[in-house]
Amino acid sequence: MSSSPRRARRYAAALALPLAITLNALPALADPSPDPVPPDRASSTAQNGVALMRVVVADQSGVDKLLALGVDLAEYSKPVDGGIEVHAVLSPEEARSLRDQGFDVRDAISDQSDYTANLAERRQALAAASADAAETDTLTPLRAEWFTSLDNQRFLSVEVKTSATDAQTVLTATWDSGPGTAPDSGGSTTMSRFTDAGQYMYHRFNSPLPITETPTQVTITSSRGGSVTVPVTKWLGEPREAPSKHYVQDFVDHYMDPTEVTGRIVALAKQFPNISEIVDLPNKTNGYRRQAQAQFGTGSGSALASTFYVTSKAYGSEGGNDVSVALANPGTASAPLSVAVNGKDVVVNLATDASGAVTSTATQVVAALNGDSAASALLTAALYRTSTGAGVVAAAPAAKLTDNLKAPATVSRQPFQMKALRIGKSRDGSKTGVFLYCQEHAREWVTPLTCVETAERLLRNYALDADTKKLVNNLDIFIVPTMNPDGAHYSMYDYNMQRKNMVNYCAADGSDPARRNSWGVDLNRNFSVGSVFDGYNGGSTTCTGETFSGPSELSEPETRNEVWLTEKFPNIKFAMNTHSYGGYFMWPPGAYKTAGRETLPRPDLGTEEYFWNASTHILSAVQGWRGTAIWPGRTGPVIDVLYSAAGNSADEFWYNKGIIGWDFEVGADVYDPATNRYNAVGFQPPFDEGHEEAMEFSNGQIGILEVAQMYQKDKQKPESKLVVTDRTDTSATFTFSVDEPANVYYTLDGSRPTLSSPKLTSSGMREGAAKITVDKTTEVHWFAMDLAGNVEKNYKPDGNGKNYNTETVTVDKAPVVPLTVTASSRCTGTLAYVAVTAVNAGDAPATIELNTPFGKKTVADVAPGKQAYQSFNTRAGQVDAGTVTVKATATIGGKQIISSYDAAHGASSCG
């Protein structure tokens, strides 16, 4: 088992200290430094293999024994399987001696290599900080917004990036309290430094700041001297218009399990057959079912070695729950171990010795059960976790095996037929498709209500509301309210915090009954793009881990159903994966590799801008229900606002299918003015709160459909223009602005721009369009194309037309005094010389100064075409290769111009 880098660093300091071992109390342990230390190494940090090690003892008496022996124990202790884990600073000799004495000394948490790495990291950080301190930093504002949320409370959110990324750089934000007020009248606060995967991202407030007045601008100052002032804009814009008076909504009044949810959409399809239908997804789930089990022994302390468990071959619902196992003491001396089976009742007759005492160990009983043909047809037996199986088992009365499932009989134990509700007037693939899916994670009870509410609104308002009719007529909508029916049933009836599905991929050491709440695959880590199997962060390969990614990509029928739907219906261009409960609105990329924070490719600039523009529309719809605002800092790519989620579905659809995919996290932290705290709502809030979340995020799903409808109907061509942002004597810098989210393709060599030409990129995360710098007058050709495929001016990139945009970016270079300069070395007798020639290549007389390490010469009024020359004696027999400098001064255009040139010469040896 490896330790985390954070934990390794936590203990690294301990490794620089000598061991606190009382050697008299621990005669069996070797001296950690058996060889004499030379005087010049007395202060050395060499540790001779010393490391911080895990040691597991059976109970507190084992800890006391270690202390009595003088072992250097860290301040750490926790219960584990088999006893108590403590940490000790040990040399290899000490670790070996403790093992010889019977102590369970395990792996190292950290060793001298961690200590060395920490020192190197420290030196690097100090060097970077020293370099940063030498110059004023540059501040790049990313966003500054105010917004209202719930009861019209007002908040401020600011994000700024500094070029000085060390932790010593402190940013302070100050803001006014409205137009015409003092710059610091609104308030001031220190900003938090945000890092991810060890990389500096930007500075921000940890949470939006409650404010009383609406600011117009905010000033951020840095301890390094940088400063920037930016306007504060409103987040989410104006409230949306209320729906028509005939619009009906609010169709959920309790939490529903997957059986009920699926029944609802089936009933809706039957009621509205002209505009909806059910699509059966091809892969049935494993089902709400498990094998039945029973455990013998407590699995802790001294009883661990005699603990084992049995698992039925059949699912509990298919006969496994009828199997029983008894451990019988035959009551006679010298009895052999045997197994008897009567129907589904298994009796293990334990072996005894000459005195009649039971002698059968757990290992022997497990072997007997697995080796008996009748018993092994009913069940398998296994030792409990790390048990050695050497302990003698105790007799036990017949115990019925059980699958421990508690759902009522209305919940089928058979493989679940997942269904999608398809809504649309034209369901022939001709309309833009939208895929809305909920409850990939079982414990998120609000999310299926959101999908059900959206389905009800669409179908029941079709005949009543003109806007709804347009959505249904112009789109092809697929709604799957529960992507994880098995896990969701388990969450509702057995273990409410179940995240994964119910499939158990654990081997025997992870499959005992006490592990049953840890089995399953995290469906949103089981996809094929950016997965843990490709080295991306945020998924687990441990079968009991909460983010277990499965044995392979797309191993689960649930995830294969999602992929099938997008392949079966290629008209799907938009998707929304609804989760809970953090109050987020996100999009790809969703995964990175921790080393260097190597991310999946970010969307191009036009797509990124489309995501941002759409978010305003969609989140305004969410806010329209009861005023909840998704925080600006919780809106953006998954990796920027949450964490890396290896193998998630939004990445699967975007990178493999080009589907614009979002992720909702319903719910939001609610600010309590009385305590000045933000309170989370959780996965299963009281239904009153859950109901409100379902209503507001159903609003958001309708908003997504409206965005898709605008895409479907979009025939408007984008318009762009070239904007020069900076100009110097030797260069010009420009970018492009577009009136809608679109990509700009351009050329700088006079050629015709195509879709293969360079594309305008982002200058950085949330920093807008990149800037292009040219060092000479350049004719720029370009065009813009939006995500719907509309091209500016109806230009045909693959054609022969020339109706692209053209503009010349001029570079007015400062005048120079043109010279042609040469330098060479030569020998005259035994002495070396350096000869310098400078020809005036301009139109005006110039004063030319020749400079070498061996002297200088100034020649005044060198006429155009004439030269200044001098051969400089080095007064040595050889000269190394070097450089000379020539400076020319002339009056050009009424101004005195000074130009400087360098020229190299070779080496000469004149001996």
Side-chain angles (χ1 to χ4, degrees), residues 137-145 159-163 201-202 217 220 226 228-233 587 589 599 601-616 632 636-637 640 716-793 795 797 802-813:
D137 60 340
T138 300
L139 301 184
T140 302
L142 304 181
R143 59 198 307 171
E145 294 146 321
E159 296 172 3
V160 177
K161 185 165 69 175
T162 171
S163 59
M201 304 294 288
Y202 48 82
Q217 63 181 22
I220 300 93
V228 66
T229 298
V230 294
V232 179
T233 59
W587 52 82
T599 73
R602 290 182 179 270
D604 57 37
L605 180 62
T607 304
E608 182 79 3
E609 291 299 318
Y610 189 88
F611 276 126
W612 280 109
N613 277 29
S615 70
T616 300
D640 294 342
Q716 183 174 342
K717 299 170 181 59
E719 296 182 4
S720 64
K721 61 181 180 179
L722 186 150
V723 180
V724 176
T725 61
D726 190 34
R727 198 187 297 275
T728 69
D729 290 339
T730 59
S731 67
T733 300
F734 66 94
T735 189
F736 302 95
S737 66
V738 193
D739 65 346
E740 64 168 298
N743 283 310
V744 175
Y745 300 83
Y746 66 93
T747 63
L748 305 178
D749 60 1
S751 63
R752 187 176 179 278
T754 69
L755 294 176
S756 298
S757 300
K759 183 163 48 175
L760 184 65
T761 62
S762 172
S763 61
M765 184 184 71
R766 306 187 190 180
E767 295 181 42
K771 297 176 181 178
I772 303 161
T773 299
V774 293
D775 60 3
K776 62 182 179 181
T777 297
T778 302
E779 185 175 273
V780 183
H781 298 167
W782 81 93
F783 68 92
M785 184 173 74
D786 65 20
L787 269 69
N790 299 306
V791 181
E792 188 173 13
K793 297 181 178 179
Y795 173 65
K802 295 186 177 181
N803 57 325
Y804 45 77
N805 298 302
T806 300
E807 188 166 329
T808 299
V809 177
T810 59
V811 177
D812 297 322
K813 293 188 176 181

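The basis for the numbers below is simple: all heavy atoms, side chains too, and nothing from hydrogens, waters or symmetry mates.
In terms of heavy atoms, N803 sits closest to K793 at ND2-O, 2.9 Å. Contact between V738 and P718 at its shortest, heavy atoms only, is CG1-CB, 4.0 Å. Across all their heavy atoms, R143 and P632 have their closest contact at NH1-O, 3.0 Å. When every heavy atom of M765 is checked against every heavy atom of L142, the shortest pair comes out as O-CD2, 3.6 Å. In plain terms, the two heavy atoms of Y745 and P753 that are nearest each other are O-CB, 4.1 Å. The two residues A742 and A784 come nearest to each other via the heavy atoms CB-CB, 4.4 Å.
A donor-acceptor distance shorter than 3.5 angstrom exists from the side chain of S163 to the backbone of T138, with no hydrogens or angles considered. Checked by atom type and distance alone, the side chain of N743 pairs as donor or acceptor with a backbone atom of G606 at under 3.5 Å. Using a distance-only test at 3.5 Å, with no hydrogens or angles considered, a donor-acceptor pair links the side chain of T777 to the main chain of V811. R727 contributes a side-chain N or O that, together with a main-chain N or O of T810, makes up a donor-acceptor pair within less than 3.5 Å. Between the side chain of T754 and the main chain of S756, a donor-acceptor pair closer than 3.5 Å is present. Here the side chain of D137 pairs no donor or acceptor atom with the backbone of T162 at under 3.5 angstrom.
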Would you check, one step at a time, whether the test side chain to side chain contact (heavy atoms under 4.5 Å, CB included) holds for W782 with S757?
CA-CA 9 Å; W782 81 93; S757 300; over 6 Å; no
Quick one: do Y804 and Y746 satisfy side chain to side chain contact (heavy atoms under 4.5 Å, CB included)? Show the steps, please.
CA-CA 10 Å; Y804 45 77; Y746 66 93; over 6 Å; no
Worked verdict on T778 versus T808 for side chain to side chain contact (heavy atoms under 4.5 Å, CB included)
CA-CA 6 Å; T778 302; T808 299; over 6 Å; no
Determine, stepwise, if the pair K717 / D739 fulfils salt bridge (charged side-chain N to carboxylate O under 4.0 Å, His left out).
CA-CA 10 Å; K717 299 170 181 59; D739 65 346; over 6 Å; no
For the pair L748 and V774, evaluate side chain to side chain contact (heavy atoms under 4.5 Å, CB included) and give the outcome as yes or no after the intermediate values.
CA-CA 9 Å; L748 305 178; V774 293; 4.3 Å; yes
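Going from atom CG of L760 over to atom OG of S720 covers 10.0 Å, rounded to the nearest 0.5 Å. Note that the CD atom of E608 and the OG atom of S762 stand 7.0 Å from one another [nearest 0.5 Å]. For the atom pair M785 CE and N790 CG, the distance stands at 9.5 Å (nearest 0.5 Å).
Other residues, nucleotides and ligands contribute at most 12 non-hydrogen atoms within 6.0 Å of the NZ atom of K771. Open room surrounds CD on E719; 12 or fewer heavy atoms of other groups in view lie less than 6.0 Å from it. No more than 12 heavy atoms of other residues, nucleotides or ligands lie within 6.0 Å of CD in Q716, so this atom counts as exposed by the packing criterion.
By the 4.5 Å heavy-atom criterion applied to side chains, Q217 and V230 are not counted as neighbours. Two residues are said to be in side-chain contact when any heavy atoms from C-beta on lie closer than 4.5 Å; P637 and P603 fail this criterion. Counting heavy atoms from C-beta outward, T735 and I772 have side chains that stay 4.5 Å or more apart. Taking the side chain as every heavy atom from C-beta outward, D640 and M201 approach each other to under 4.5 Å. A 4.5 Å side-chain heavy-atom check between F783 and V744 finds every atom pair outside the cut-off.
With sequence neighbours left out, Y202 forms a ring pair (Phe, Tyr, Trp, His ring centres under 6.0 Å) with F194. For the ring pair (Phe, Tyr, Trp, His ring centres under 6.0 Å) test, residues two or more places apart in sequence or in another chain that qualify with F734 are F736.
Tested against T733, the residues T728, D726, T773 include a single side-chain hydrogen bond (donor to acceptor under 3.5 Å, both in side chains) partner, T773. Partner of N805 under the side-chain hydrogen bond (donor to acceptor under 3.5 Å, both in side chains) criterion, out of K721, H781, E792: E792 alone. Of the listed residues (N613, T607, D786), just one forms a side chain to side chain contact (heavy atoms under 4.5 Å, CB included) with P741, and that residue is N613.
Electrostatic pairing of R766 and E159 counts as a salt bridge here, judged by a charged N lying under 4.0 Å from a carboxylate O. Look at E767 and K161 and you find a salt bridge, because one of the NZ, NE, NH1 or NH2 atoms lies within 4.0 Å of a carboxylate O, short of that distance.
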